[in-house]
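Below, all heavy atoms of this structure are taken into account, side chains as well, without hydrogens, waters or symmetry copies. Bear in mind that the values here come from a model prediction, so they are computed numbers and not experimental data.
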Amino acid sequence: MATNKLAALVVLVAFLAGPAACEGINICLNFNGWLKPSILDPLFCPRGSGPPVPSPSGSGLSYGYYNTRCPTAEKIIKDAVKKAVDENPGIGAGLIRLFFHDCFVRGCDASVLLNTTNSQNSDTEREGLPNKDSLRGFEVIDEAKTAIEAACNNTVSCADIVAFAARDASYFLSNGSINIRMPGGRYDGRESFANETDQLPGPFSNVAQLQASFAAKGLTSDEMVTLSGAHTIGRARCMFFSSRFSEMDPAYAAKLRAECNGNGNTNMNQDDVTSNVLDKQYYQNVLDNKVLFASDAVLNSTVTRAQVTENADKAGEWERKFEKAMEKMGKIKGDQQGLEIRKVCWRVNNVGLY
């Protein structure tokens, strides 16, 4: 009991005040770049203590998968996404992030959506450190799923809805400049565990940690740099970058410091120039030292600076690479046992509800 209370206190201090508050406490970054006191290892990491296992990609998926199975499915999803993005571009950013966080844990199987699992556990991926209180877009997935079930019962997986929603959000947020070829044919998983979210790269990751995280999913270093460009949209809490003010461009840091105003839960735009547009501005921000996370700033290093500069300078270069990298990420497959097409995206089938 005393250990649990101490753990909770350390987490509270670390997240509210940032890394500077943890001097004198044994801090480690083994939760893949998410700031985590080592005292919490037995609490958060009993399952995923080893290195991530590479996931095989994409067999069984095809383009136009629902053309005959459910011809209206992709339009239903696109309409739901457009409605959401028109009302709040941040939801579009959330849908892209939801896809990323799904595919990096157990493959693209919609395990990130679950709060009722085959194991009847409540500590699902939604409760994991990288996801809790920060994922968005669930209501868009649910709206699309409800409409699709009415049109084509038990045909379209939640995993495919997540993938297509990210594709469509990318299109709308880029003003049509990004067109991702996204295959369909995924199935939905029946398990989800919070401590498996340690596979997700975090805001305090260095280049080696980022490269290892992406390599474990079959993605190259260049694809890591490319997918990091999604940080040109969306918002982030001050607690994840307030320790970096002295390392940023001084004028940018002063602006952030004033707007954060000591509140770690205040949200700031990740791109201060074109905050609601999915474009290559992120890479210029990296070069200008006007990015929030340490994991963004480290890309301006000898290891990855060439890719960053190329993406910043060449018109259309990043957009085409982003299309291909998102398509490839959508082919990550994990354990394919016990999959299904869920009737409701946040719970598995056959739990006494049907």
For the side chain of [X] and the backbone of [Y], is there at least one donor-acceptor N/O pair under 3.5 Å apart?
| X | Y | answer |
| --- | --- | --- |
| Asn289 | Glu247 | yes |
| Tyr65 | Asp160 | no |
| Arg305 | Asn300 | yes |
| Asp102 | Ala110 | yes |
| Asp271 | Val273 | yes |
| Lys314 | Thr309 | no |
| Glu127 | Thr124 | no |

How long is the straight-line distance from [atom2] of [Y] back to [atom1] of [X], given to the nearest 0.5 Å?
| X | Y | atom1 | atom2 | answer |
| --- | --- | --- | --- | --- |
| Arg235 | Leu292 | CZ | CG | 10.5 Å |
| Thr197 | Arg106 | OG1 | CZ | 12.0 Å |
| Leu135 | His101 | CG | NE2 | 6.5 Å |
| Tyr63 | Met182 | OH | CE | 8.5 Å |
| Glu319 | Asn311 | CD | CG | 9.0 Å |
| Glu191 | Thr117 | CD | OG1 | 5.0 Å |

Tyr171 with Val277, same ILVMFWY side-chain cluster at under 4.5 Å: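 The answer is no; the residues belong to distinct hydrophobic clusters.
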Candidate pair Asp109 and Arg186, rule salt bridge (Lys or Arg N to Asp or Glu O under 4.0 Å), full reasoning: CA-CA 7 Å; Asp109 68 345; Arg186 300 166 188 82; over 6 Å; no
Steps toward salt bridge (Lys or Arg N to Asp or Glu O under 4.0 Å) verdict (Asp272, Lys255): CA-CA 10 Å; Asp272 198 43; Lys255 179 178 184 294; 3.3 Å; yes
CA sep, side-chain torsions, deciding dist, call: Gln284, Asp288, side-chain hydrogen bond (donor to acceptor under 3.5 Å, both in side chains): CA-CA 6 Å; Gln284 190 59 54; Asp288 292 342; 3.1 Å; yes
Taking the cut-offs as 6.0 angstrom to the six-membered ring centre and 45 degrees off its axis, would you call [X] and [Y] a cation-pi pair?
| X | Y | answer |
| --- | --- | --- |
| Lys333 | Tyr187 | no |
| Arg126 | Phe138 | yes |
| Arg244 | Phe293 | no |

Trace of the side chain to side chain contact (heavy atoms under 4.5 Å, CB included) decision for Asp188 with Leu339: CA-CA 5 Å; Asp188 300 324; Leu339 300 182; over 6 Å; no
Sole candidate of Ile341, Val112, Leu113 that passes side-chain contact (heavy atoms from CB on, under 4.5 Å) when paired with Cys158: Leu113
Distance-only donor-acceptor check, side chains Asn154 and Lys343, under 3.5 Å: no
Candidate pair Asp79 and Lys83, rule salt bridge (Lys or Arg N to Asp or Glu O under 4.0 Å), full reasoning: CA-CA 6 Å; Asp79 288 346; Lys83 174 186 172 186; over 6 Å; no
Donor-acceptor contacts, no H, no angles, side chain residues 85-94, under 3.5 Å, sequence neighbours left out:
residue, atom, partner, partner atom, Å
Asp86, OD2, Lys82, NZ, 2.8
Asn88, OD1, Gly90, N, 2.9

For the student: nearest non-hydrogen atoms of Thr304 and Ser221, plus distance: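 Residues Thr304 and Ser221, closest heavy atoms: CG2-OG, 4.2 Å.
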Parallel, tilted or perpendicular: rings of Phe100 and Phe104 (30°, 60°): parallel
Residue from Glu323, Glu74, Glu327 passing salt bridge (charged side-chain N to carboxylate O under 4.0 Å, His left out) with Arg167: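 The passing option is Glu74.
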